[in-house]
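Working notes, structure below.
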Protein chains: 2
Amino acid sequence: MNLPATAQKFIVHWGEMGARWGINRSVAQIHALLYLSPRPLPADEIAETLAIARSNVSVGLKELQTWGLVRVTHTLGDRRDHFDTSSDVWELFRVIIRERKRRELDPTLALLRECVSEAKVSESKQLPHLDERLEAMLEFMELTDAWGERAAKLAPKNLRRLAKLGDSIFKLAE
Amino acid sequence: MNLPATAQKFIVHWGEMGARWGINRSVAQIHALLYLSPRPLPADEIAETLAIARSNVSVGLKELQTWGLVRVTHTLGDRRDHFDTSSDVWELFRVIIRERKRRELDPTLALLRECVSEAKVSESKQLPHLDERLEAMLEFMELTDAWGERAAKLAPKNLRRLAKLGDSIFKLAE
DNA sequence: TCATTATTTCTGTAATTTCTGAAATTTGGG
DNA sequence: CCCAAATTTCAGAAATTACAGAAATAATGA
């Protein structure tokens with residue numbers, strides 16, 4: 001595909017942002033392209049459009065599928081797999097939250113719970129407040145986890161509605 | 001310093017998590033150590049405790065200072081710089097939000113605004129919905145930005161209170 | 001079944017990032 | 001102002017990650 005300059009700019013930036021958040025640049029670019037595309041794209045078209053090796057696209061698409069961000073579709077008269085992603089940013093947000101929670105937050109919670117129970121019994125001279133600090137961190141992660149859980153359950157439309165309530169929500173805290 | 005096993009576990013995990021979020025492993029470990037420490041630590045003690053080169057600690061601490069996460073302090077009779085970080089997780093959260101907003105969200109918003117105004121005028125045959133998609137993304141980022149802004153302004157105590165309101169807030173959206 | 005096309009896996013290379021130890025610079029006390 | 005301690009800078013080594021192209025595998029339909 002021949003990309004308009006605007007789309008190129010967006011895709012390149014998306015790749016850079018992905019890299020800053022621990023997502024491989026090409027993977028982020030593939031996702032950005034699919035997000036802009038009005039139709040599912042076959043892997044070779046992605047490779048050609050982004051000027052990366054076909055094999056890389058294959059790996060990137062697998063990765064995006066493990067995140068639940070990309071689906072395979074087929075069309076009559078074409079043997080090739082076609083790939084697409086949701087065009088709803090709130091849905092994408094939901095999926096990413098769910099997955100990062102599963103991959104990172106849950107293991108961190110498990111570890112923190114272990115650490116907290118260990119720290120309670122064994123006092124350390126070097127780190128006298130170890131248990132307090134770990135407990136504070138655990139509380140933070142548990143609250144984050146609960147928010148993630150709830151956000152992941154909400155329908156995209158409601159998530160958007162909630163986001164728009166911003167001001168009134170923050171007033172609750174003052 | 002001689003680290004208790006529990007503290008080691010936490011620091012190692014923190015390093016791995018940092019790496020997944022685009023933070024250098026040693027940098028994240030330094031921060032984790034300072035978080036657990038009851039007192040500011042001099043750089044050489046950090047290097048020794050984490051078994052990394054002194055020069056590396058220097059660079060890592062500089063990086064943490066640019067994030068606003070670490071301060072330098074001094075004590076009488078010791079020429080060395082001592083470093084510490086907030087022991088309040090909500091304060092840390094606030095600082096990180098503020099900084100990621102500044103570094104990543106703000107530039108992304110600027111770019112998206114550019115893209116949206118370009119896309120409005122120049123129609124693309126390949127990507128007929130380009131403008132819609134970019135506008136949806138812009139709206140998402142603007143809302144995220146507004147939440148970040150508000151969260152960064154809130155006092156740590158209020159941030160915690162708000163986090164604990166979780167359930168009742170999400171009910172608003174249904 | 002066979003030929004063709006599509007996809008994935010694998011291997012080596014390139015690029016990037018991280019890290020160390022030495023050298024240079026800065027700081028503060030005497 | 002000089003010395004010693006502390007810190008930073010820097011260049012290269014080590015490790016990791018990303019990537020391309022070839023080879024292998026799988027799928028399709030004639």
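The sequence lines fix the lettering, A, B, ..., with proteins before strands; numbering per chain opens at 1. Below, all heavy atoms of this structure are taken into account, side chains as well, without hydrogens, waters or symmetry copies.
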Are any of the side-chain nitrogens in B/E149 or B/K153 under 4.0 Å away from the carboxylate oxygens of its partner?
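Salt bridge: yes.
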For atom [atom1] of [X] and atom [atom2] of [N], their distance in whole Å:
X	N	atom1	atom2	answer
A/L61	C/dT8	CG	C1'	12 Å
A/E45	C/dA6	CD	P	13 Å
B/E48	D/dA6	CD	P	14 Å
A/R54	D/dA20	CZ	P	13 Å
A/D81	D/dA26	CG	P	15 Å
B/D78	D/dA4	CG	P	19 Å

Return yes if some donor-acceptor pair links the side-chain N/O of A/S124 with the main-chain N/O of A/L127 below 3.5 Å, else return no.
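Checked: pair present.
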Is a side-chain N or O of B/T49 found less than 3.5 angstrom from the main chain of B/M1, in a donor-acceptor match?
yes
When you measure from every atom of DNA chain D, which of residues 13-32 of chain A have a heavy atom less than 4.0 Å away?
A/N24, A/R25, A/S26
Please list, by residue number, the residues of residues 63-72 of chain A whose heavy atoms come closer than 4.0 Å to an atom of DNA chain D; answer none if no residue qualifies.
none
Mind jotting down which residue pairs meet the salt bridge (Lys or Arg N to Asp or Glu O under 4.0 Å) criterion with at least one end in residues 26-47 of chain B? Sequence neighbours excluded, please.
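Qualifying pairs, neighbours excluded: B/R39-B/E45, B/D44-B/R80.
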Nearest heavy atoms of [X] and [Y], plus distance in Å:
X	Y	answer
B/R133	A/S37	NH1-O, 3.1 Å
B/I30	B/G60	CD1-CA, 4.1 Å
A/Y35	B/A136	OH-CB, 3.8 Å

Measure the [atom1]-[atom2] distance between [X] and [Y] for me, rounded to the nearest 0.5 Å.
X	Y	atom1	atom2	result
B/H129	A/L36	NE2	CG	11.5 Å
A/F10	B/E114	CZ	CD	13.5 Å
B/H13	B/K9	NE2	NZ	11.0 Å

So which protein N/O to nucleotides 26-30 of chain C N/O distances come out below 3.5 Å?
{"residue": "C/dT27", "atom": "O2", "partner": "B/R79", "partner atom": "NH2", "Å": "2.8"}

Does one hydrophobic cluster hold both A/L134 and A/L109, with members joined at side-chain heavy-atom distances below 4.5 Å?
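Both belong to a single hydrophobic cluster.
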Going by side chain to side chain donor-acceptor pair (under 3.5 Å), name the pairs with one or both residues in residues 86-96 of chain A, residues two or more places apart or in two chains.
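Listed by first then second residue: A/E91-A/R94.
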Tell me whether A/E123 at atom CD has more than 12 heavy atoms from other residues, nucleotides or ligands lying less than 6.0 Å away.
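Atom CD in A/E123 is not crowded, with 12 or fewer foreign heavy atoms closer than 6.0 Å.
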Protein-nucleic acid N or O pairs under 3.5 Å, nucleotides 9-13 of chain C:
none

Measuring from the side chain of A/I52 (C-beta onward, heavy atoms only), which nucleotide among D/dA20, C/dA6, D/dT8 has the closest atom?
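Between D/dA20, C/dA6, D/dT8, the one nearest the side chain of A/I52 would be D/dA20.
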B/D44 near the nucleic acid: base, sugar-phosphate alone, or nothing, with a heavy-atom cut-off under 4.0 Å?
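Contact class for B/D44: none.
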